[in-house]
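Throughout, protein chains are lettered first and strands after them, A, B, ... in sequence-line order, and every chain is numbered starting at 1.
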There are 2 protein chains.
Amino acid sequence: MQKAAIERNNETIAAQLTPVGRETVQDRVYSELRRALIGGLFEPNQVLTIRGLADALVTSTMPVREALGRLITEKALEARPNRSVRVPPITLERIDDLLRARSLIEGEAIALAATRMNPRQIASIEAMLGEWDEMRALKHKKDIDREATLNQSFHFEIYRCCGSAVLIPMIESLWLQSGPCIRVAIYAFSDAGEVDTAHYHRSIVAALAKQDAQAAREALVADISRPFAFLRDKLQSAKD
Amino acid sequence: MQKAAIERNNETIAAQLTPVGRETVQDRVYSELRRALIGGLFEPNQVLTIRGLADALVTSTMPVREALGRLITEKALEARPNRSVRVPPITLERIDDLLRARSLIEGEAIALAATRMNPRQIASIEAMLGEWDEMRALKHKKDIDREATLNQSFHFEIYRCCGSAVLIPMIESLWLQSGPCIRVAIYAFSDAGEVDTAHYHRSIVAALAKQDAQAAREALVADISRPFAFLRDKLQSAKD
DNA sequence: TCAAAGCAAGTGTGATCACAAATCAAAATC
DNA sequence: GATTTTGATTTGTGATCACACTTGCTTTGA
């Protein structure tokens, strides 16, 4: 029988090749806009136009309008009555609202993860801690983008261990919504002097290593509260 | 000065007219699909085609594809690698996952609402209780759709009082995801004999009236757990 | 001089078309 | 007779066009 032989041959070929996938243009546009939003590349209140983004991304309007629609349903962008779309503005209420939701859901996710992470996964997280120190060592040039990316990887690496296919997309949605706010806070941070993010991350890792769900939750809440509290004070004083 | 007079005239005209709004076709399609999904009109695993829905809704493919895209990002629908879209299948893990997320977030929402509802709002909720009894009185024809709608109104009337613009969309997303599952359970309920939903709702209202956040949370979790637990048993036994 | 009307450029929405990929059934091959 | 191949139909994706609405500026009229 040749059948089994052919099958085997195909499998060996498949093992050699890296899947190229079949990502649509729309998906790429969507991912790119997500990245920009989480990274805070767009400012609150900034209005986005379909044709403008299409030009910037070198595609037609079709994939962009679809991506924008998706981001609007996630509340990452806001559809105004004029039918224009903008990055949602920052308000005090919104900041508190986002922080509460993030504490609740990300707290639950990390509590679940604490009881489920295996030593290998913990080691992986710990390694990221080292990477952080390394970056900090050569801090002649503080690279905010790299910091943000590393921070994101650290958190989601943990969340992925919670084993919930429902919670994780909600957390992504929350990051998407708080991205523009956070970036504002981070910039303010840099000006106001360094704050040791690594310290907070270390206490998170310590709690996870001990499988202490409650401690992990508290350490996480402390970590994510920081930029929000900072931003809150900044807005509060700006109002006076 | 005529200006004030004209202004006044315009205002009286405005008071007489009901705003016609400017809802797009896309929005209508999206709402309709949402309604169908939450109401469980689509079965798990059912595949949906753009052209098929466009024909059914008597529009072109354009608004439908945009609405489908939005529902996919909310995880209300699932994009398969074939690029076809289907209603997500029910699995044991997914049921537990959805129930946990709903308990967490809706529980938080009702706890917030408990401390914020004013007597007028409580009275409004209580009135819905009466409506429920009324429906139950003439139960010669059990109207599952009406029951589902009333149940939805009851819950969201409460959640709206939580004062969080972030939590409510997340809850809507969760209802969207659990809609197809729930409907399956509700049908099974009807066959397995009536369960007194009104009883659960009454204890929720009682807790809210006392502004007892913890009791409200527990009563709510008991309420939403019921169909999930039922469905869980059903799936579990079907597996054997 | 200033507010209101008019005009032009820009923008979102929906329809239609072209194309590639998937699906399914019939036909051909072993 | 079972499996593969082929071909027709269906389906999603992206591009383009037409239309309506918004916006900002100019022009007009008091």
Side-chain angles (χ1 to χ4, degrees), chain A residues 1-11 19-33 42 45-73 76-88, chain B residues 1-11 13 17 19-33 42 45-73 76-88:
Chain A
M1 251 211 191
Q2 298 185 335
K3 194 179 163 187
I6 292 174
E7 193 74 18
R8 199 141 23 82
N9 184 31
N10 285 344
E11 274 175 23
V20 60
R22 210 155 34 84
E23 203 183 27
T24 63
V25 179
Q26 177 187 156
D27 290 335
R28 276 202 299 279
V29 171
Y30 177 67
S31 305
E32 189 59 21
L33 291 181
F42 297 134
N45 277 319
Q46 184 175 353
V47 326
L48 305 176
T49 65
I50 294 179
R51 285 174 173 93
L53 289 173
D55 287 349
L57 296 166
V58 197
T59 48
S60 76
T61 62
M62 205 65 226
V64 174
R65 59 199 272 193
E66 239 134 331
L68 284 187
R70 292 166 69 179
L71 290 168
I72 288 170
T73 67
L77 294 175
E78 188 183 278
R80 301 167 69 194
N82 330 333
R83 307 224 158 151
S84 67
V85 2
R86 71 169 174 187
V87 181
Chain B
M1 249 208 188
Q2 299 183 337
K3 195 179 164 187
I6 292 173
E7 192 74 17
R8 198 141 25 83
N9 185 30
N10 285 344
E11 274 176 22
I13 291 178
L17 265 34
V20 61
R22 213 152 35 84
E23 202 184 27
T24 64
V25 178
Q26 179 188 156
D27 290 335
R28 277 203 297 280
V29 171
Y30 177 67
S31 304
E32 189 60 22
L33 292 181
F42 297 133
N45 277 319
Q46 184 175 350
V47 325
L48 305 176
T49 66
I50 293 178
R51 285 172 173 93
L53 290 173
D55 287 348
L57 296 167
V58 196
T59 48
S60 76
T61 61
M62 207 64 229
V64 174
R65 60 198 272 193
E66 237 133 330
L68 284 187
R70 291 166 70 179
L71 290 168
I72 289 169
T73 68
L77 294 176
E78 189 182 279
R80 302 168 67 195
N82 329 333
R83 306 222 161 153
S84 68
V85 0
R86 71 168 174 187
V87 182

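Nucleic acid contact for Thr61(B): base, since at least one base atom lies under 4.0 Å from a heavy atom of the residue. As judged by a 4.0 angstrom heavy-atom cut-off over every strand, Gln26(A) is placed among residues touching the sugar-phosphate backbone only.
Contact annotation: Asn82(B) side-chain N/O to dG12(D) OP1/OP2 distance is not under 4.0 Å.
Between Gln26(B) and Ala67(B), the closest heavy-atom pair is O-CB, 4.4 Å. When every heavy atom of Val25(A) is checked against every heavy atom of Thr59(A), the shortest pair comes out as CG1-CG2, 3.5 Å. Here the closest heavy-atom approach between residue Glu23(A) and residue Asp27(A) is recorded as CG-CB, 3.7 Å. When every heavy atom of Pro88(A) is checked against every heavy atom of Ala76(A), the shortest pair comes out as CD-O, 3.3 Å.
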### Query
For every nucleotide of nucleotides 5-11 of chain D, 5' to 3': is a protein heavy atom under 4.0 Å from its base (B), only from its sugar-phosphate (S), or from neither (-)?
------B
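Remark: P of dG12(D) and CZ of Arg86(B) are 15 Å apart, rounded to the nearest angstrom. As rounded to whole Å, 16 Å separates atom P of dA21(C) from atom CD of Glu23(A). For the pair Met62(A) CE and dC17(D) C1', the computed distance is 12 Å after rounding to whole Å. Rounded to a whole Å, the CD atom of Glu78(A) is 15 Å from the P atom of dG12(C). Nucleotide dT13(C) holds its P atom 15 Å from the OH atom of Tyr30(B), rounded to whole Å. Remark: C1' of dT13(C) and CZ of Arg70(B) are 13 Å apart, rounded to the nearest angstrom. The distance from atom CG of Asp55(B) to atom P of dG12(D) is 11 Å, rounded to the nearest whole Å. One can place CG of Asp27(B) at 15 Å from P of dG12(C), the figure rounded to the nearest angstrom.
With the end axes of the helix from dT1(C)-dA30(D) to dC30(C)-dG1(D) each set by five pairs, the angle from one to the other reads 0° at 10° resolution.
Distance check, rounded to the nearest 0.5 Å: CZ of Arg86(B) to CG of Leu48(B) gives 11.0 Å. Here Arg83(A) contributes atom CZ and Ile50(A) contributes atom CD1; the two are 11.5 Å apart, rounded to the nearest 0.5 Å.
Judged by distance alone with a 3.5 Å cut-off, no donor-acceptor contact links the side chain of Arg65(B) to the base of dG14(C).
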### Message
Walk me through whether Leu77(B) and Val87(B) qualify under side-chain contact (heavy atoms from CB on, under 4.5 Å).
### Response
CA-CA 5 Å; Leu77(B) 294 176; Val87(B) 182; 4.1 Å; yes
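Side chains of Leu33(A) and Leu53(A) form a contact here, defined as non-hydrogen atoms less than 4.5 Å apart.
Residues forming a side chain to side chain contact (heavy atoms under 4.5 Å, CB included) with Glu32(B) (at least two apart in sequence, or on another chain): Arg35(B), Leu57(B).
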